[in-house]
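Quick notes on the structure that follows.
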Amino acid sequence: MQLLLKSVDFAARAHRDQRRKGPAEEPYINHPIEVSRLIVECEPHTHEDILCAAILHDVIEDCGATRDEIAACFNDTVADIVLEVSDDKALPRDERKAQQIETAPDLTEAAKLVRLADKVANVGAMLTDTPIGWDEDQILAYVTWAEAVVAPCRVVSDNLSERFDAIARDVRAFHTPEEQQKAEAGV
Ligand SMILES: Nc1nc2c(ncn2[C@@H]2O[C@H](COP(=O)(O)OP(=O)(O)O)[C@@H](OP(=O)(O)OP(=O)(O)O)[C@H]2O)c(=O)[nH]1
């Protein structure tokens with residue numbers, strides 16, 4: 001519990017000037033808190049190190065924190081999970097997106113759990129707080145990409161996988177134009 005609160009404190013400070021991409025402009029820290037909450041709800045016996053990594057999962061990628069800094073403040077396990085789920089923002093966007101799909105099968109079980117919960121949260125946001133400026137094609141492409149990233153991660157949690165499937169289905173239904181839905185259903 002102490003380490004988990006320490007991770008919330010660390011991440012809140014690291015993300016202090018960042019907002020989510022939706023019109024609500026939620027403080028960024030709401031996202032890692034949601035990711036950690038999803039893991040606890042779906043897999044209540046998850047080790048505290050993994051919950052800390054879920055809270056910290058974007059601090060390397062988005063805030064410039066380092067693996068060694070996290071290892072010093074927390075431990076090597078937490079630091080290595082965060083590093084595993086961190087994109088290299090120096091790479092072009094398309095390359096980063098392709099890498100997430102390519103590397104997903106080789107992630108540790110802990111990193112797969114964080115990755116899966118991250119995508120449940122991000123796809124869910126397409127219903128509750130759609131990123132500003134995203135049209136339906138971009139939203140549906142994000143869902144398709146997230147499904148590819150999630151596919152090899154599903155083995156770590158049936159509960160989280162079910163949540164992902166339900167949310168992806170709802171997002172598709174909500175953002176697919178009515179005429180296209182009718183055509184696909186053969187109506
Ligand atoms: N869906 C959603 N994403 C948001 C929001 N605010 C920030 N993001 C971030 O934006 C990414 C999705 O936008 P993209 O255009 O596809 O990618 P990019 O920002 O990484 O270039 C997510 O990356 P990711 O790789 O899926 O997740 P993560 O590992 O960075 O958390 C997430 O980090 C939001 O309100 N909704």
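Atoms within each ligand, like the ligands themselves, are counted from 1 in listed order. Because the structure is predicted, anything quoted here is derived from the model rather than measured.
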(Q) Applying side chain to side chain donor-acceptor pair (under 3.5 Å), can you list everything that pairs with Lys6, at least two apart in sequence or on another chain? (A) none
Q.
What does the 4.0 Å heavy-atom contact list look like for ligand 1?
A. Arg20, Lys21, Gly22, Tyr28, His31, His57, Asp58, Glu61, Arg93, Arg96, Lys97, Gln100, Arg115, Asp118, Lys119, Asn122, Ala125, Met126, Pro131, Trp134, Tyr142, Trp145
Q | Separation of His31 NE2 from Asp129 CG (nearest 0.5 Å) | A | 12.5 Å
Q) Taking only residues two or more places apart in sequence or in another chain, which ones pass side chain to side chain donor-acceptor pair (under 3.5 Å) with Thr144? A) Arg172
Q: Go through the structure and list residues passing side chain to side chain donor-acceptor pair (under 3.5 Å) with Arg16, not counting sequence neighbours.
A: none
Q | Point-to-point distance, once rounded to the nearest 0.5 Å, from CG of Leu51 to CG of Leu56 | A | 11.0 Å
Q | Test item: side-chain donor near acceptor, Asp87 and Gln99, under 3.5 Å | A | no
